[in-house]
Amino acid sequence: MASNTAHEIARQIPTRFDFESAQKRLYELWQNGGYFRATVNHDKQPFTIVIPPPNVTGALHLGHALNNTLQDILVRLRRMQGFEALWMPGTDHAGIATQAVVERRLKEEEGKTRHDLGREKLVELIWQWKDQYEARIISQLKRMGCSCDWERTRFTLDDMCARAVRHTFFDLFEKGLIYRGKRLVNWDTYLQTAVSDDEVFNETVKGHFWHLKYPVVSPQPGEPEFVVVATTRPETMLGDTAVAVHPEPAKALDKIQADLEDRLSTASKNEHASLLIQLEAVNQRRIVMLPQLEQLRDMARAGRMLKLPLMEREIPLICDEWPKPELGSGCVKITPAHDPNDYEVALRHQLEMINILSPDGSLNVEAGSYAGLPLKSARKQVVADLESLDLVAQVEEREIELPHSDRSKTPIEPFLANQWFVKMDQLSQSAMDAVTDGAVRIVPQRYTKTYLDWLSEKRDWPVSRQLWWGHQIPVWSKAVADTQEQASMVKELTQSLKINGTSAAIQVEPCEEANEQKRVKLGLPWATIHVAICNQDDPLEKLIEALGFERVEDVLDTWFSSALWPHSTLGWPSLTEDLEYFYPTSTLITSRDIITLWVARMVLMGLNNCGQTPFDEVYIHPKILDGYGETMSKSKGNGIDPLDVIDKFGADALRFGMAYLTTETQDVRMPVQFECPHCEASIEQTRKNRELPRISCPKCSQMFATQWAKSDEDLSLPRGLVLSERFEVARNFCNKLWNASRFSIMHLEGFKPAPVLDSNLRLEDRWILSRLSTVQQLVTTDLDKYRFAEASRTLYDFAWDEFCSFYVEILKDRLGDEKQRAVAQRLLAFSLDQLLRLLHPVIPFITEEIWQLLSHAAPQRGLDQIAEAEPVLIAAHWNVLDPDWQNPEIESQFAKFQNVLAGLREIRARQNLGPKTPVEFVVRCSDQNRRLLESMMAYFESMACATCKGVGPDVAIPMPNATITMSEIDVFVNLTGLIDIAAEMKRLEKEQQRLTNLVATNQGKLNNPSFTDRAPEQVVSQVRQSLQEAEEQLTSLARAISDLASFE
RNA sequence: GGGCGGUUAGCUCAGUUGGCUAGAGCGCCACGUUGACAUCGUGGAGGUCGUUGGUUCAAGCCCAAUACCGCCCACCA
C-alpha cells in the first residue's frame, strides 16, 4: 500500500468478513509468534488446562467442538489477564475403540483378522492409523482456533506416558494395590477381550424364557420328580453345577410383605394400586408355592442331588439366599462360570466352576457333545434336545435386557478369566476426601453426587484387557508346582537378582482352589509368582525370562493411562520444573459421562503419584442433543460436523454458537437441518429423512446425497451438509461486528492520537464508557464462574444494541462535523479497541483481524494516556478500563434519551411515515431534563428524522399531535398534514388501558395494610413512585386524548 | 428400583438471593435499500410460565403432590 490513509484501507475492507483466508493467516500469525507457548515464568502465575485427549478413532464431533471452545475461551482470557497460560494438547490411544476400528477395516478391506497379522504387525498398522488421525484431529482443533501449546503435544501411548504408566503400575503393585484374580468378566466374543462394566450397555431384545425340568435323583415317596428352573440362556445349563433354593422361603416372603406394607403407608395414589397387586401376588405365592419351596429346602438340606440333563452329571440341590422365593419357580440353576450372581453363590458353596465357552464365543470341550458349536446353534440344539426328552416345561415370550459391548455392538457373554485389578478402597477414599474437603470443586455442584456415589462403592477396578493396542502390563509370571519350588524361586529372585529393590517387585498368588484334591484334579498350579518391572527395557527382563517367566500379554485399560494425564504430560515421575510450576492444573473441562471413568480416576492417581489433586476445579458442560432430544451420532445420521459449520459460517460463529448454548442445564437441543447443495435451502431433519441415502430438495426439486449414500448413483450426487440454524445467530453477529468496525475504521481518516479531556466528554461518551466498564466486569465474573452463555449474551447485547445501534449511530453525526471529528475518532477507536478485547476469547479470528485493521488506522490510541496498541490482540491486556467509569446516573440519563427516541420512532411507524419524511416535535419537561435532552437534539434528527421545536416546562403544544408520555417527560409530535387520527387514537387508548391497569394493581397493593406493613420499605416506596408516575402519565394522556378527539 | 435434569411465545432458550408491566434469537406481520451491515434497519402481533395444592403482603422462582420428556446407575434365574 503506497499511501495508507485510513480511508483507503477501509475501502479495501470487504462488506463481509472473509473468514476462510483470515482464519488460516491469523492462526499462522499466532503460532509463528509463539503466543501459544507456555514456559516456566516465575514472574507470572500459571494457568493450566489439560485437554481431555480425544480418541484417535476418528474425527472430532460437535461435542468436541463445544468442549474445546470452552477451554480455549478460558485459556485466551487468562493469557490476556497476564497468566502464563498453558493448554496441554494431546490424544488418547483409546485401546478397544481404536483396535476395533482398525480390525474392522482390516476385515473389510483385506478380509484378514488380527491373528493373520500377528501382534507386532497389527500394532504397527494401528500406529499408522494413529498418525493419520492424530494429524486430522490436531488440524481440526487448529481450524477451530484452539490455542494449545502444540510443541508439547502428547499421546497416551508415547514414551513419556509409557514411563509414567510403568512407574504407577509398579508403585501400586509394590504396595499390593494391584493383584491378579479370577473373575467373571464381560467377554466381547467379537473383539475377544474383556470389557469393563462401563463399556457395556443394555439393549432390550425379544427373547424367550425357558422353564427347564431337572430330574431328581431317586426321589423319595412324596417328593417331586423334577425341579423346575427358568433361564433366558438355556445353553448355559451345560455348565450348571447346582440348583439353589432359598433356605427360609417363609421368612423371605414375610419380609417382602412387610416391606410392601411399609411402602403402602406412604405411597402415592398411583403406587398404591401397584403395591396392592404385588401384595396379592405374595399372598398367592404363600398359598400355592410355599409348601413346595419348603419341601425343596428340606431336600437340599438332606443333600439330595439332581441329574443335569444332557450332561448326565449329578449336581447338588443347595440352600442359598440368592433365589427369590417370590419369583419364577423359586429355584435357580447355578452356572458359576457364566453368571455374576451364580459366581457369588459358587464362591459361598465352593462349587465347581465350569467354563463352557471359548474366547471366540463357541462352546469348548466342557460342553461335551456340543463342543465347537457357536452359541446360537448350541442354544437351538440344547432346546431341541431337551424338548425331545420332554424336559421343557414351558416357553415364554419375553423382552430381555441383554448386555452389549459398547465397542463391537455384539452381545456380551460373562466369562471366567484371569484379570488384573486395582484395589480401590484406599484410593477411592482419597478421591472422595479431595472433593468433600473442597480440594477439588465440581461445577455445577450437583455432579459431586455422581462422583461420590460411584467412588463410595469402592469396587475394584479391572485394568487388564486382552488387546494388543495399549500399554502392555509390565509383569512376568511363572507358575510353581509346590511350596518348595515357590520358596526356591522367590529366594533366587530376591537373592541373586536382588529383586524387590526399587525397580522390580514380587507377588505370590496362591491358587484360588483351596481344596488340594480338586486343585490337582483340575491341573492347577500351586501358586503363580508375578514379577513387576518398573523401567522399560530393564536387563532384568531377560534374566527372569531365562528363569521361565513369561510376560503377561494383556494390556492396561485405556483409562489407566488417561488417569495419569495431568501429571504424566508434565514429565512425572521426573520432578521437572514444568511439573512443579504447572501442576496442579487449574481447571478441567469435560462432559458428565466420564466423571467416574476419568475425573475420579485422575484425582486418585494424582493424589497417589504426586500427593496433590490434579486440578482445582472441574467444569462439566452440557451435552448437545438434536431437535428430538436424542444424542447426536454418526450412526443416527444426525451428527453435525464442526468442519461443516466452520466452512459455512466460520470458526468464530461455531465458537460463539457453542458458548451461547452453554447454560447450566444438562442438555442443549439443537434442531438439525440439511442444506441443499443446489439452492442452499434448509431442510428440517426428521427421524425419517435422516436415514435416507438421498433427499429431494422441496425447494428446487433436485436430489442430493447424505452420509448414507452407498450406490454409485447416490455417490455421484453432491452431498448436503448437515447444519443447524442455531449458528446463524452467531454468524450474523460476527457480520454486524465486522461492518460496524468497517464503518469505524473508514471514518478514522486523519486520526490523530491525543488524550481525551474530561471536559470533551459528552453524555453518550460517558455512557458508553460506563457500559464498557460494566460489561467488562460482568463478562469477567461470568467467565470466572463458567457462565459461558451469560457472558456471550452480555457481549452480544452490548455490541449490537448499545455499541452499534446507539454509539456508532450517534457518532455518525459527530464524525461528519469537522469541529467534533477528532475527539469522536479518538473515542471511537478507543471503544472499539475495548470491545475487541472483550470479544476476543470467544471470537478470536474476527477480532484479531479487526484489531490489525484498526491498528493500521489508529496505531496509537487511548483515553487519558496514549500508547502504542499491542501488536496482536491475542497478547493484549484484558483489564484496561477503570471501574470508576461505571456510572448509573449517566446510564439512567441516557435511558431517557433512548426512550424519547423510541417513542418518536414508534409514532413514525404508527403513522406510517417513510424514513425520510421529516417530523417536528416539542418536549415538555423539567429544566433539568431540558438540559439533558438539548445536548442530544442532533441525534433525534439523525436517528429519527425528527426536529425539535421546543423543550422545557412551558413549551407550546402543536395541534394536532401524537403524544408520548413517560415519567416527567411528555413528547408531542406535530402531525399537521400527516395525521392518521384513528391510528393515533388507538395507540393512546391502548396506552391508557395499560396505565389504568398499572394504577389499579399498585393501588391495590398500597391499600392492603399487610403489604405496607410487611414489605420492605424500599419495595413499598417503589410501588408508590410507580403509582405516582402512572397517574401523572395518565393525566397527560387523558388531555392528549381529549385534544385529539376535539380536533377530530 | 435408585439418582439427576427438563417442562416459560409457533421453534430454540434466558430469567441471579421471591418484588415495578416475564425477556432474547429465529419464524410471523407492516414499512424501509445510492455509502458500515438485507447476514440489515424501524415498528408490531404473539405467553393463564406442565397440572393441582400449600407457604407468603407478594410465587415463573420456595414447599408438597402429580403428569410428561430425557439422561445416569443398579437389577431382572
Side-chain angles (χ1 to χ4, degrees), chain A residues 10 13 15-17 197 202 209 229-233 236 243-244 268-270 322-324 327-335 339 341-342 400-401 446-447 449-450 453-454 457 592-593 595-596 622-623 625 627-631 649 653 660-661 663-671 724-726 728-729 731-747 787 789-790 793 796-797 804-805 808 812 902 905-910 912-916 943-944 994-995 997-998 1001-1002 1005 1008-1016 1018-1020 1022-1023 1025-1027 1029-1030:
Chain A
I13 305 175
T15 60
R16 294 196 185 164
F17 174 46
D197 291 346
N202 285 325
F209 202 47
V229 293
T231 180
T232 53
R233 298 188 299 159
T236 61
V243 168
S268 61
K269 274 180 202 163
N270 264 43
W322 155 236
K324 295 177 184 167
L327 289 177
S329 68
C331 294
V332 180
K333 63 193 266 306
I334 303 296
T335 322
D339 181 281
N341 294 304
D342 294 3
I400 299 166
E401 290 268 299
R446 62 173 178 274
Y447 292 112
K449 193 169 161 54
T450 313
D453 284 356
W454 185 80
E457 287 181 26
R592 66 173 181 274
D593 38 8
I595 292 174
T596 54
K623 264 183 103 116
L625 308 174
Y628 297 104
E630 294 180 30
T631 49
F649 299 118
Y660 198 75
L661 292 175
T663 58
E664 288 245 342
T665 48
Q666 290 201 136
D667 303 310
V668 166
R669 278 202 197 195
M670 180 172 282
S724 177
E725 67 196 5
R726 300 200 65 179
E728 279 176 29
V729 179
R731 188 266 320 263
N732 295 352
F733 175 62
C734 291
N735 179 63
K736 186 72 187 175
L737 176 71
W738 179 256
N739 278 292
S741 306
R742 180 170 176 268
F743 171 86
S744 304
I745 292 164
M746 217 185 272
H747 288 81
R787 294 191 297 229
E790 259 180 278
R793 222 166 276 273
Y796 180 95
D797 292 345
C804 294
S805 296
V808 171
K812 277 180 179 172
R905 283 170 168 175
E906 193 193 323
I907 289 173
R908 297 189 63 98
R910 187 74 56 189
N912 226 339
L913 303 178
K916 294 281 152 60
M943 293 169 79
R994 186 184 71 83
L995 287 166
N997 292 344
L998 186 60
T1001 52
N1002 281 338
K1005 279 182 189 171
N1008 181 351
S1010 43
F1011 172 72
T1012 47
D1013 291 350
R1014 300 198 189 191
Q1018 200 195 348
V1019 173
V1020 177
Q1022 264 174 9
V1023 172
Q1025 201 190 332
S1026 160
L1027 176 64
E1029 283 172 12

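Each chain gets a letter, A, B and so on, in the order the sequences are listed, and its residues count up from 1.
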Beyond-backbone contact of A/V729 with A/Y796, side-chain heavy atoms, under 4.5 angstrom: yes
Closest heavy-atom pair and its distance - A/T15, A/W738: O-CD1, 3.6 Å
Worked verdict on A/F1011 versus A/V1023 for side-chain contact (heavy atoms from CB on, under 4.5 Å): CA-CA 11 Å; A/F1011 172 72; A/V1023 172; 3.9 Å; yes
For atom CH2 of A/W454 and atom C1' of B/G3, their distance in whole Å: 16 Å
Least distance between heavy atoms, A/L998 atom then A/A1030 atom: CD2-CB, 4.1 Å
Separation of the P atoms in B/C61 and B/G50, to the nearest angstrom: 8 Å
A/K812 to A/F743 six-membered ring, cation-pi geometry met (6.0 Å, 45°): yes
Sequence-aligned protein contact record of nucleotides 37-45 of chain B, with B where the base is within under 4.0 Å of a protein heavy atom and S where only the sugar-phosphate is: B-BSSSSSS
Partner residues of A/R731 under the salt bridge (Lys or Arg N to Asp or Glu O under 4.0 Å) criterion, sequence neighbours left out: none
Rounded distance [0.5 Å steps], NZ in A/K333 versus OG1 in A/T236: 2.5 Å
Smallest separation among heavy atoms of A/I13 and A/I745, with atom names: CD1-CG2, 4.3 Å
Atom-to-atom span, NZ of A/K623 to P of B/C72 - whole angstrom: 6 Å
C1' spacing across the pair B/C28 / B/C11, given as an integer number of angstrom: 12 Å
From CG (A/L661) to CG (A/D667), nearest 0.5 Å: 12.0 Å
Rounded P spacing from B/A22 to B/A59 in Å: 14 Å
Spacing of CD1 belonging to A/I907 relative to CG belonging to A/L913, to within rounding of 0.5 Å: 9.5 Å
What protein N or O atoms touch nucleotides 46-50 of chain B N or O atoms at under 3.5 angstrom, if any, and at what distances?
none

Set of salt bridge (Lys or Arg N to Asp or Glu O under 4.0 Å) partners for A/K623, sequence neighbours left out: A/D593
Rounded C1' spacing from B/C71 to B/G32 in Å: 48 Å
Pairwise 5' ranking along RNA chain B for A/C331 and A/E457, keeping only the more 5' one: A/E457
Sugar-phosphate only, base, or nothing, as touched by A/S741 at under 4.0 Å among non-hydrogen atoms: nothing
B/G10 versus B/G19 - spacing of their C1' atoms, nearest Å: 31 Å
Touch class at under 4.0 angstrom, heavy-atom based, for A/W322 against every strand present: sugar-phosphate
Shortest side-chain distance from A/R446, nucleotide among B/C26, B/C4, B/C76: B/C4
Heavy atoms of other groups near A/E457 CD, more than 12 under 6.0 Å: yes
Value in whole Å for how far the P atom of B/C72 lies from CG of A/D593: 8 Å
Pairing annotation in dot-bracket form, given for RNA chain B with Watson-Crick or G-U pairs under 3.5 Å and | for cross-strand partners: (((((((..((((.....[...)))).(((((.......))))).....(((((..]....))))))))))))....
Touch class at under 4.0 angstrom, heavy-atom based, for A/K449 against every strand present: sugar-phosphate
Under 4.0 Å protein heavy-atom contacts per nucleotide of nucleotides 13-20 of chain B, with B for base, S for backbone only and - for none: SS----BB
A/A944 versus A/R905, closest heavy-atom pair with distance: CB-CG, 4.3 Å
Verdict with reasoning, A/Q1022 to A/N1002, per side-chain contact (heavy atoms from CB on, under 4.5 Å): CA-CA 10 Å; A/Q1022 264 174 9; A/N1002 281 338; over 6 Å; no
Atom-to-atom span, CD of A/E725 to P of B/C11 - whole angstrom: 13 Å
Length of the CZ-P vector between A/R908 and B/G32, whole Å: 13 Å
Per A/A740 side chain, nearest of listed nucleotides B/C4, B/C73, B/A36: B/A36
Minimal non-hydrogen separation, A/R726 against A/P671, with atom names: CD-CD, 3.8 Å
Euclidean distance for P, B/G44 against B/C37 (whole angstrom): 25 Å
Listed nucleotide nearest any side-chain atom of A/H747, set B/G25, B/G5, B/A36: B/A36
B/U42 and B/U33, which share atom name P, separated by this distance in whole Å: 15 Å
Interatomic distance, A/D453 CG vs B/C4 P [rounded to whole Å]: 9 Å
Sugar-phosphate only, base, or nothing, as touched by A/D342 at under 4.0 Å among non-hydrogen atoms: nothing
Spacing of A/S1010 atom OG and A/K1005 atom NZ [to the nearest 0.5 Å]: 12.5 Å
Pairwise C1' distance, B/U51 and B/A67 [rounded to whole Å]: 7 Å
